[in-house]
Amino acid sequence: MKKLNIILFFLWCILLINLVKVNASPLTSCLSSIKGQTVYPNNKTFPSLIIDENLYVNYTPSVLIYAANNQDVQTSINCAIKLKMGITARSGGHSYEKYGLGGRNNVMVVDLTNINEITIDSKAKTAKIGAGNRLGVIYDKLSQAGFLIPAGTCPSVGIGGHALGGGYGFAGRKYGFAADNIISMEMIDANGKLLQVDKQTNADLFFALRGAGGGSFGIVTSFVFNLHEVPPQVTSMQFEFGRSQVQQLFTAYNEVGPTLDNNIVLSVSLDKGSLSIDGLYLGPAKNAKDAMKPFLSRAPKPTSSNFKQETFFDSVKTFSYVPSNDVAKPKHHPYFFKAKSFFVNKGLTSEAIDTLSNFLSTASCSTYALFDLLGGTANIVDNTSSFMHRDSIYGIQLVGSDWKNKAQGDKCVKELNDFGKNFQSKFTSYFSYQNYIDRDLDDWQTRYYGQNFNKLVDIKTKYDPNNLFKFPQSIPVKG
């Protein structure tokens with residue numbers, strides 16, 4: 001708490017030093033009809049409200065608008081147009097580069113927290129979910145009705161950015177990415193108009209939003225998702241290995257992982273001193289043990305292993321790594337970090353594993369790597385979606401964190417950037433994951449969107465020709 005208070009004081013000082021150059025009177029007047037709360041930089045609560053998950057980067061918005069409904073979002077967009085101001089949406093505040101605050105100072109931020117409807121149609125197996133909902137809340141409410149959507153493990157992540165950028169996690173190998181399960185959306189466009197978006201209506205926008213829709217084309221306020229029935233029991237799996245067994249473990253991961261039952265999701269974790277796997281099986285423990293035999297027979301013998309049969313929502317708690325009360329009522333746990341991402345198509349070579357392992361052992365700050373097993377439904381190509389990462393064995397997230405001061409942080413980030421560029425050029429595919437957005441990534445246009453990028457530019461130019469919705473890595477307009 002003391003650390004957080006120091007951070008709040010530091011941010012308040014920044015606000016005072018870098019006074020936001022906004023003529024408040026026209027802005028407050030224009031937003032006067034907003035039903036939700038509006039918070040300006042001169043409000044004492046403002047510094048705490050712009051602290052999200054990543055403390056390494058921060059920006060000062062001109063106003064935080066806690067929209068109560070679609071009309072509030074429309075009013076906000078119309079004011080941005082009238083006053084020639086930038087505008088962005090914030091769903092959960094987990095953008096690694098703080099693009100939920102605009103990626104720059106002096107932007108109007110439409111916070112969608114209060115657009116949090118969850119309406120379940122059990123007969124149709126669909127749910128309308130407001131874009132301000134966090135994953136923990138969604139899992140809680142859907143599981144009570146006997147359903148799930150495939151999505152990530154962090155409860156405080158907002159569904160908006162998560163689903164629009166792909167969204168991988170629980171049940172991904174069986175049911176695909178969160179984006180794959182979107183049936184329709186409501187979006188407020190750059191003219192302040194409410195659009196219905198699905199395969200038939202605004203089909204080009206349906207393509208763009210599912211994979212590249214995080215903030216570039218408009219403000220998505222709600223989704224209709226396809227639901228999947230929750231199994232009566234699932235099995236959480238946890239395995240510990242000696243770190244010296246890393247080569248043998250990845251031989252099994254590379255060769256057997258892609259062939260495993262699609263009810264299995266696995267994530268390898270490697271850091272300076274440990275090697276482990278977290279996994280989930282969508283079924284009872286007996287079946288989980290049988291399904292894991294092909295992998296465990298090839299992998300090194302674990303130093304510890306655990307198969308825990310539990311409900312699906314309890315498994316969400318198991319792998320959230322936050323206090324259990326924080327899952328259904330999620331909150332941020334702010335810390336300093338920087339992340340890189342890579343997709344691996346043919347499995348890492350022994351040289352690649354040694355290179356990464358050595359880096360993790362010598363990095364100047366706490367650094368770890370996660371390897372999420374892909375395949376199954378997640379790798380089925382969908383031509384109605386702009387999400388193009390469909391041919392990988394696993395995705396890697398490399399994270400450096402918990403530095404003590406700015407100098408150490410800057411050194412750590414430089415190390416990560418330098419290592420990431422070299423590692424990707426030698427050992428992984430050319431591509432990276434847009435939900436682990438990285439401002440320092442070169443040729444991000446291709447690495448995130450591949451051959452879809454030019455088509456996305458065309459769609460952007462059609463729906464937002466004046467580039468109202470922009471941030472440092474947004475889809476640009478032509479010209």
Side-chain angles (χ1 to χ4, degrees), residues 134-157 168-175 228-243 245-246 249 252-253 256-257 259-271 273-330 333 368-378 394 397:
R134 309 303 201 266
L135 297 185
V137 175
I138 294 169
Y139 285 134
D140 182 29
K141 293 191 176 180
L142 293 186
S143 64
Q144 290 180 43
F147 296 106
L148 62 83
I149 60 170
T153 59
C154 181
S156 59
V157 166
Y168 188 74
F170 294 115
R173 296 183 73 245
K174 186 165 187 177
Y175 298 123
H228 305 279
E229 293 184 8
V230 172
Q233 296 289 316
V234 303
T235 305
S236 300
M237 304 178 292
Q238 294 175 304
F239 309 95
E240 298 283 342
F241 301 89
R243 196 179 184 283
Q245 298 172 309
V246 64
L249 181 64
Y253 208 54
V256 184
T259 69
L260 289 173
D261 188 320
N262 288 349
N263 284 301
I264 295 172
V265 173
L266 298 178
S267 181
V268 174
S269 177
L270 175 66
D271 62 22
S274 66
L275 174 64
S276 63
I277 294 180
D278 284 344
L280 182 70
Y281 178 82
L282 298 175
K286 179 182 181 302
N287 294 1
K289 291 176 181 179
D290 289 341
M292 284 295 291
K293 281 180 181 177
F295 176 75
L296 293 175
S297 66
R298 292 291 305 277
K301 185 178 180 180
T303 57
S304 69
S305 61
N306 183 42
F307 291 84
K308 181 182 179 184
Q309 187 170 292
E310 58 189 345
T311 68
F312 176 75
F313 189 63
D314 283 340
S315 76
V316 174
K317 294 179 181 179
T318 296
F319 294 122
S320 68
Y321 295 104
V322 299
S324 58
N325 290 338
D326 285 2
V327 176
K329 297 180 180 179
H333 295 83
Y368 63 90
L370 300 174
F371 308 78
D372 292 327
L373 185 65
L374 299 171
T377 304
Y394 43 84
Q397 182 176 198

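Nothing here was measured: the structure is a model prediction, and the numbers come from that model.
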Separation between [atom1] of [X] and [atom2] of [Y], rounded to the nearest 0.5 Å:
X    : Y    : atom1 : atom2 : value
M237 : N306 : CE    : CG    : 10.5 Å
L142 : E229 : CG    : CD    : 13.0 Å
K301 : F241 : NZ    : CZ    : 12.0 Å
Y394 : L370 : OH    : CG    : 13.0 Å

Open item on the list: Taking the ring of F147 and the ring of Y139, is the distance between their centroids below 6.0 Å?
Closed with: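 No, too far apart.
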Q) Are the aromatic rings of F170 and F312 close, with centres under 6.0 Å apart? A)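 Yes, the ring of F170 comes within the 6.0 Å limit of the ring of F312, centre to centre.
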**OP:** Please check if any side-chain donor atom of D278 sits under 3.5 Å from a side-chain acceptor atom of Y321, or the reverse.
**Re:**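 There is such a pair between these side chains.
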* When you check the side-chain N and O atoms of S274 and E240, is any donor under 3.5 Å from an acceptor? ->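 Absent: no donor and acceptor within the cut-off.
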Side-chain ([X]) to main-chain ([Y]) donor-acceptor, under 3.5 angstrom:
X    : Y    : value
Q245 : G242 : yes
S305 : P302 : no
Y253 : L373 : yes
R173 : I264 : yes
S143 : G146 : no

Looking at side-chain heavy atoms only, is the closest gap between [X] and [Y] below 4.5 Å?
X    : Y    : result
F295 : I277 : yes
T318 : K308 : yes
L280 : V234 : yes
D261 : M292 : no
L270 : V246 : yes
S236 : F319 : yes
P323 : H333 : yes
N325 : K329 : no

Taking all non-hydrogen atoms of both residues into account, name the closest pair between [X] and [Y] and its distance.
X    : Y    : result
A285 : Q309 : N-OE1, 2.9 Å
A378 : Y168 : CB-CE1, 4.0 Å
V265 : A171 : CG2-N, 3.7 Å
A291 : L260 : O-CD2, 3.8 Å
P330 : V137 : CD-CG2, 3.6 Å
L275 : R243 : CB-CA, 4.1 Å

| message | Between D372 and S267, is the side-chain hydrogen bond (donor to acceptor under 3.5 Å, both in side chains) condition met? List the steps. | response | CA-CA 4 Å; D372 292 327; S267 181; 2.8 Å; yes
### Message
What verdict does the side-chain hydrogen bond (donor to acceptor under 3.5 Å, both in side chains) test give for N263 and K174, after you've listed the backbone C-alpha separation in whole Å, the side-chain angles of each residue and the deciding distance to 0.1 Å?
### Response
CA-CA 6 Å; N263 284 301; K174 186 165 187 177; 2.9 Å; yes
- Task: Quick one: do V327 and V316 satisfy side-chain contact (heavy atoms from CB on, under 4.5 Å)? Show the steps, please.
- Result: CA-CA 8 Å; V327 176; V316 174; 3.9 Å; yes
Quick one, F313 with L148, criterion side-chain contact (heavy atoms from CB on, under 4.5 Å). Give me CA distance, side-chain angles, the key distance, then yes/no.
CA-CA 9 Å; F313 189 63; L148 62 83; over 6 Å; no
